[in-house]
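Residue numbers begin at 1 in each chain, while the letters A, B, ... track the order of the sequences.
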Amino acid sequence: MSFQRSDLAEGVRASLPVLLGVAPFGVITGVAMVASGIPPLVAMLMSLFVFAGASMVASAQLLASGSPVLLVVLATLIINLRFMMYSASLRLHFAHAPLGWRLLIAYLTADNVYGLMLQRFSERPDDPGKLGYFLGAGVAVWLAWQAAVLAGVVIGAGVPASWRLDFAAPLAFIAMSVPLLRDRAMVAAALAAGVTVIAAHALPLKLALLAAAATGIGVGMAFESRKT
Amino acid sequence: MNLWYTLAGMAIVTYLARASFLLLPAGVETPPLLRRALRYVPAAVLTAIWAPELALQKEVLFLSLENERLLAGAVAVGVAWRFRLTFATIASGLIALHLFDWLI
């Protein structure tokens with residue numbers, strides 16, 4: 001399996017509009033990590049090794065409130081469980097790629113990159129150039145993300161609290177989740193998860209998030225089977 | 001020291017989630033029920049992350065026209081629904097927050 005320069009370029013071009021969303025979220029993530037007391041170097045290492053903004057913002061909040069390591073890791077696992085779904089879906093395209101490429105594809109998998117791949121190839125799974133397209137989009141998003149987090153880490157506490165930039169984190173999640181709501185089952189899953197997490201918010205250990213994920217999956221699947 | 005364990009733990013579970021199905025041998029089928037269930041994970045989990053940030057204030061449910069985060073979040077949901085643009089969603093939500101803050 002190999003790729004051509006034109007496929008890489010197509011992936012990079014497709015990622016450009018997405019970078020407009022990646023950049024602010026990366027800056028917010030960098031600011032949130034430093035503001036919660038994570039040293040800049042560790043924040044940057046986290047960005048390189050974990051490379052998953054949602055879980056990094058959540059962990060920053062948990063660390064700031066003195067949560068134990070296991071809880072932070074558990075919350076990260078729940079939030080990043082969605083990558084398993086991307087992995088199952090990307091497997092349809094890359095199951096026959098050499099192991100090295102699959103390890104790299106796994107590392108570069110991000111919400112936006114997966115979304116681009118889905119847009120481009122879900123209706124035309126036999127089109128050539130999948131690997132190049134994924135790598136082009138993936139590397140472009142990765143570079144933009146790391147640069148944005150670095151900017152956020154450097155700006156750090158320099159952002160005045162009166163700008164209320166902390167609110168940009170939930171807004172970024174709204175921007176990621178709402179476009180997923182393409183059918184009634186998906187809307188039902190999201191509504192159920194939202195109501196559950198609020199109703200269960202008093203539960204300890206981020207169990208509310210786990211309960212919300214389970215309820216969302218259950219309600220979504222129930223809606224889906226009712227329809228068919 | 002705890003910070004390093006946290007970093008390592010987060011990196012490991014996140015990479016394992018990303019690699020999971022991609023590392024299965026080519027012949028292995030993903031169980032259909034599991035694939036159906038996983039389809040709802042992103043919408044459910046991402047919604048569960050932002051919903052409390054809008055609806056709760058200091059750990060208490062605050063559904064009121066005086067909750068400017070709730071109102072600004074509703075604006076952002078509308079923009080995200082209509083335009084599907086990350087940047088427009090974040091910008092409109094932040095502007096709405098300041099606007100409602102000033103009005104209320």
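Residue L92(A) touches chain B through its side chain alone, counting heavy-atom pairs closer than 4.5 Å. Contacts between L24(B) and chain A at a heavy-atom distance below 4.5 Å involve backbone atoms as well as side-chain atoms. Within the 4.5 angstrom heavy-atom criterion, only side-chain atoms of R35(B), from C-beta onward, approach chain A. There is no contact between V79(B) and chain A, counting heavy-atom distances below 4.5 Å. Contacts between Y86(A) and chain B at a heavy-atom distance below 4.5 Å involve the side chain alone, from C-beta outward. The contact between L33(B) and chain A is made by backbone and side chain atoms together, counting heavy-atom distances below 4.5 Å. Residue contact with chain A, scored on non-hydrogen atoms closer than 4.5 Å, involves the side chain of L56(B) exclusively. Both the backbone and the side chain of L23(B) have a heavy atom closer than 4.5 Å to some heavy atom of chain A. Interface remark: S59(A) contributes side-chain atoms only to the contact with chain B (heavy atom separation under 4.5 Å).
The residue among A44(B), G9(B), G73(B), P52(B) with the most heavy atom pairs within less than 4.5 Å of chain A is A44(B). Counting heavy-atom pairs under 4.5 Å between each of I79(A), L191(A), L210(A) and chain B puts I79(A) at the top. Across F167(A), Y107(A), F173(A), the residue that shares the most heavy-atom pairs under 4.5 angstrom with chain B is F167(A). Chain A forms more heavy-atom pairs under 4.5 Å with one residue of E53(B), R36(B), E59(B) than with any other, namely R36(B). Among A106(A), S87(A), A193(A), the residue with the largest count of heavy-atom pairs under 4.5 Å with chain B is S87(A). Counting heavy-atom pairs under 4.5 Å between each of V22(A), L77(A), V57(A) and chain B puts L77(A) at the top. Between chain A and the options A11(B), A17(B), A51(B), the largest number of non-hydrogen pairs under 4.5 Å is found for A17(B). Taking T215(A), V69(A), V73(A) one by one and counting their heavy-atom pairs under 4.5 Å with chain B, the maximum is reached by V69(A). Most heavy-atom pairs under 4.5 Å with chain A: of the set A19(B), A37(B), A88(B), S92(B), this distinction falls to A37(B). Note on T47(B), L94(B), L22(B): by heavy-atom pairs under 4.5 Å with chain A, the leading option is L22(B). Contact tally against chain B (heavy-atom pairs below 4.5 Å) for A192(A), S55(A), P179(A), A212(A): the top residue is P179(A).
Across all their heavy atoms, R91(A) and P25(B) have their closest contact at NH2-O, 3.1 Å. In plain terms, the two heavy atoms of A55(B) and I198(A) that are nearest each other are CB-CD1, 3.5 Å. Taking all atoms of both residues into account, the shortest heavy-atom contact from L20(A) to F87(B) is O-CD1, 3.3 Å. Between I90(B) and A168(A), the closest heavy-atom pair is CG2-CB, 4.1 Å. Listed here is the closest heavy atom pair of A189(A) and Y40(B): CB-CD2, 3.7 Å. Summarising the geometry of M85(A) relative to L38(B), their closest heavy-atom pair is CG-O, 3.1 Å, with the distance given to 0.1 Å.
Summarising the geometry, atom CZ belonging to R182(A) is positioned 4.5 Å from atom CZ belonging to R84(B); distances are rounded to the nearest 0.5 Å. With rounding to the nearest 0.5 Å, the separation of CG in L103(A) from CZ in R18(B) is 13.0 Å.
Put simply, the side chain of L45(A) reaches to within 4.5 Å of the side chain of W4(B), judged on heavy atoms. Side chains of R82(A) and L46(B) form a contact here, defined as non-hydrogen atoms less than 4.5 Å apart. For the pair M186(A) and R39(B), the minimum side-chain heavy-atom distance is below 4.5 Å.
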*Begin with the C-alpha distance, continue with both residues' side-chain angles, and end with the deciding distance and a verdict on side-chain contact (heavy atoms from CB on, under 4.5 Å) for I49(B) and L209(A).*
CA-CA 8 Å; I49(B) 293 173; L209(A) 195 59; 4.3 Å; yes
*For F51(A) and T14(B), run side-chain contact (heavy atoms from CB on, under 4.5 Å): C-alpha distance rounded to whole Å, both residues' side-chain angles, the deciding distance at 0.1 Å, then the answer.*
CA-CA 8 Å; F51(A) 182 47; T14(B) 304; over 6 Å; no
*Begin from the C-alpha positions of I174(A) and L54(B) and carry the test side-chain contact (heavy atoms from CB on, under 4.5 Å) through to its verdict.*
CA-CA 11 Å; I174(A) 289 175; L54(B) 307 190; 4.2 Å; yes
_I'd like to know whether L63(A) forms a side-chain contact (heavy atoms from CB on, under 4.5 Å) with T6(B), so could you lay out the CA-CA distance, the side-chain angles of the two residues, the decisive distance to 0.1 Å, and finally the verdict._
CA-CA 9 Å; L63(A) 286 169; T6(B) 310; 4.3 Å; yes
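Residue L70(A) qualifies as open at atom CG: its count of foreign heavy atoms under 6.0 Å is 12 or below. Within a 6.0 Å radius of CZ in R82(B), other residues, nucleotides and ligands contribute 12 heavy atoms or fewer. Within a 6.0 Å radius of CG in L103(B), more than 12 heavy atoms belonging to other residues, nucleotides or ligands are found.
Under the 3.5 Å distance criterion, the side-chain polar atoms of H201(A) are left unmatched by any main-chain donor or acceptor of V60(B).
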